[in-house]
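One structure below.
Chain letters run A, B, ... following the sequence lines, proteins first and then strands; every chain starts at 1.
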Protein chains: 2
Amino acid sequence: MIPEKTIERLSKYRRYLLEKLEKQEEYLYSHELAAALHLTPEQVRRDIMLIGYTGTQRKGYSIKELIDVISKILDGDKKINAVIIGMGHLGKAISNYFSIKRSNIEIVAAFDIDSNKVDRIISGIKSYHVDNLDLIINETDAKIAILTLSPAGAQDITDQLVYAGIKGILNFTSITLRVPEDVYIENYDMITSLEKVAYFVKESIDNEGTL
Amino acid sequence: MIPEKTIERLSKYRRYLLEKLEKQEEYLYSHELAAALHLTPEQVRRDIMLIGYTGTQRKGYSIKELIDVISKILDGDKKINAVIIGMGHLGKAISNYFSIKRSNIEIVAAFDIDSNKVDRIISGIKSYHVDNLDLIINETDAKIAILTLSPAGAQDITDQLVYAGIKGILNFTSITLRVPEDVYIENYDMITSLEKVAYFVKESIDNEGTL
DNA sequence: AAATAATTGTTATTACAATAACATTGTTTT
DNA sequence: AAAACAATGTTATTGTAATAACAATTATTT
Ligand SMILES: NC(=O)c1ccc[n+]([C@@H]2O[C@H](COP(=O)([O-])OP(=O)(O)OC[C@H]3O[C@@H](n4cnc5c(N)ncnc54)[C@H](O)[C@@H]3O)[C@@H](O)[C@H]2O)c1
Ligand SMILES: NC(=O)c1ccc[n+]([C@@H]2O[C@H](COP(=O)([O-])OP(=O)(O)OC[C@H]3O[C@@H](n4cnc5c(N)ncnc54)[C@H](O)[C@@H]3O)[C@@H](O)[C@H]2O)c1
């Protein structure tokens, strides 16, 4: 019901607002938020309207209240657990990163097929052999999986994850996964991102002076 | 002129087509490509139309020719060089990844501020101290930068990159960067992606049975 | 206390992207 | 050689997201 793009921006708004809150600030205007995130003030106001929060005119939005409203929408009322599959280069980087950050989402376990990488604690996250996938996911009631394993095994593991009750996947493997309708997939494809940057760079170089 | 979303898909089409080519296949239909990437055949045909390629009816598209047309658009005629800034966890993972992959984009240098991480070759990429940023970027004629450094230094380094002639940035730091109009920025924000997945998972769980 | 200025909230418009419809054409079959 | 078929190419439609316009409102100023 709330547009996907708005959800993305809400996440970014919240992070910016939390910074402001730390600096003891109380109110902010739509144009401040817009300027900070390279958006238009209209866009910001529209998003805030969509989530049903209202500021006070001439004074702006209460930072604290706005954070609360956004959090209610993004987080709901209970925490959500996630697991990482594949503790290679990328998997370790992500584990390390999220072990620092605190949020409503907690990474509760990691998995790998390589016996050298399991039964250890890496960046504060316990790592298990994939054979225990179903068991641990049920025990921890994890609902999200972050896929950073080799592409070859990705579809097979995905099927197991779905069977175990995972409802959302953040997929870093470059392959396209098949999942049932009720499982939400967010694909992140680094090659595509890089090729896209390269394309627009090329275009901008080609068009130099053509304005 | 070609829509951004089409550029993204072209990158994915090409990767799929290259796989097919390796298997010695010669032709494919729009519906095959669509099924493989979870798109509609109409979307695929439209994209192909936009880039001015035409297949043959009843026979489909020539895989080889289509790859060539896409490559002409995405790659242009010369290679493009990239650098990585920040050889921490994520920087290393990416360097390692792209040292394997072959494409039109080559990562020619890496930079860090930590003296323990410089003047070495990491995953086949030579790593320099950031003090040499301008020099090396000019020497290598790099046009793209991948930012995987700590957020604190990101805006400062970005200014230096722009000054040195960088025209495209793939930004993994979670902060929003200021750049001139002619510099293309692609932001990738892992927290936002994960929070988005969490939101839609929550929604789907809440709406269970409400269909 | 009235006027002013600045900001919000909402509706209207425009732009962009995806989907659908269908006419066209090359291939195959009989 | 003619007819049927199955795919493409293109136009039309719908849907979604972003932008713009403006009315409503509340602090501030005089
Ligand atoms: N590193 C990057 O920057 C990068 C960028 C884009 C995409 N990717 C993708 O992310 C994935 C991981 O990349 P990486 O660089 O970390 O690779 P990596 O080889 O360092 O790590 C892969 C890990 O997955 C494990 N694994 C393999 N099969 C498994 C299975 N069936 N179950 C559980 N674990 C399994 C391996 O043991 C290994 O530890 C790959 O699919 C890659 O294409 C990585
Ligand atoms: N690791 C992840 O999965 C992940 C996910 C999302 C975002 N990020 C972002 O990516 C960036 C890197 O993450 P990480 O986990 O690799 O962190 P990290 O601390 O492992 O690495 C950061 C590296 O940047 C270097 N650095 C710091 N300041 C620098 C400067 N001015 N010039 C050059 N190098 C500098 C540091 O020496 C270090 O090697 C951070 O901004 C982080 O927010 C990381």
From C-beta outward on B/Thr40, which listed nucleotide comes closest to its side chain: C/dT19, C/dT7, C/dG9?
C/dT19

Which whole-number value in Å describes the distance from A/Lys5 NZ to D/dG15 P?
18 Å

Quick one: B/His31 NE2 to D/dT8 P, roughly how many Å, whole number?
6 Å

Whole Å only: how far is the CE atom of A/Met49 from the C1' atom of C/dT8?
12 Å

Nearest-nucleotide 5' precedence on DNA chain D, A/Asp47 against B/Glu42
B/Glu42

Rounded to whole angstroms, how far apart are NZ on A/Lys59 and C1' on C/dT8?
14 Å

Does either side chain, that of B/Tyr188 or that of B/Ser193, offer a donor lying less than 3.5 Å from an acceptor on the other one?
yes

For C/dA6, does OP1 or OP2 lie under 4.0 Å from any side-chain N or O of A/Tyr27?
no

Please report the distance, rounded to the nearest Å, between CD in A/Gln43 and P in C/dA15.
16 Å

Determine whether the side chains of A/Ser95 and A/Ser123 contain a donor N or O and an acceptor N or O closer than 3.5 Å.
no

B/Arg14 and B/Ser71: side chain donor to acceptor below 3.5 Å
yes

With side-chain hydrogen bond (donor to acceptor under 3.5 Å, both in side chains) as the test, would you mind laying out the steps for A/Thr192 and B/Arg15 before giving the verdict?
CA-CA 10 Å; A/Thr192 293; B/Arg15 246 175 317 141; 3.1 Å; yes

By the 4.0 Å heavy-atom rule, please label A/Thr54 as base, sugar-phosphate, or nothing.
sugar-phosphate

Between the side chains of B/Asp47 and B/Thr6, is a donor N or O closer than 3.5 angstrom to an acceptor N or O?
yes

B/Gln57 has an atom CD; how far is it from atom P of C/dT28, in whole Å?
13 Å

May I ask you to say what A/Ser30 touches in the nucleic acid, namely base, sugar-phosphate or nothing, with a heavy-atom cut-off under 4.0 Å?
sugar-phosphate

Distance in angstrom units between A/Arg45 CZ and D/dA17 P, rounded
20 Å

Can you tell me the distance, in whole Å, between the CZ atom of A/Arg46 and the P atom of D/dA17?
10 Å

Starting from the 5' end of DNA chain D, give me the residue, A/Arg58 or A/Pro3, whose nearest nucleotide shows up first.
A/Pro3

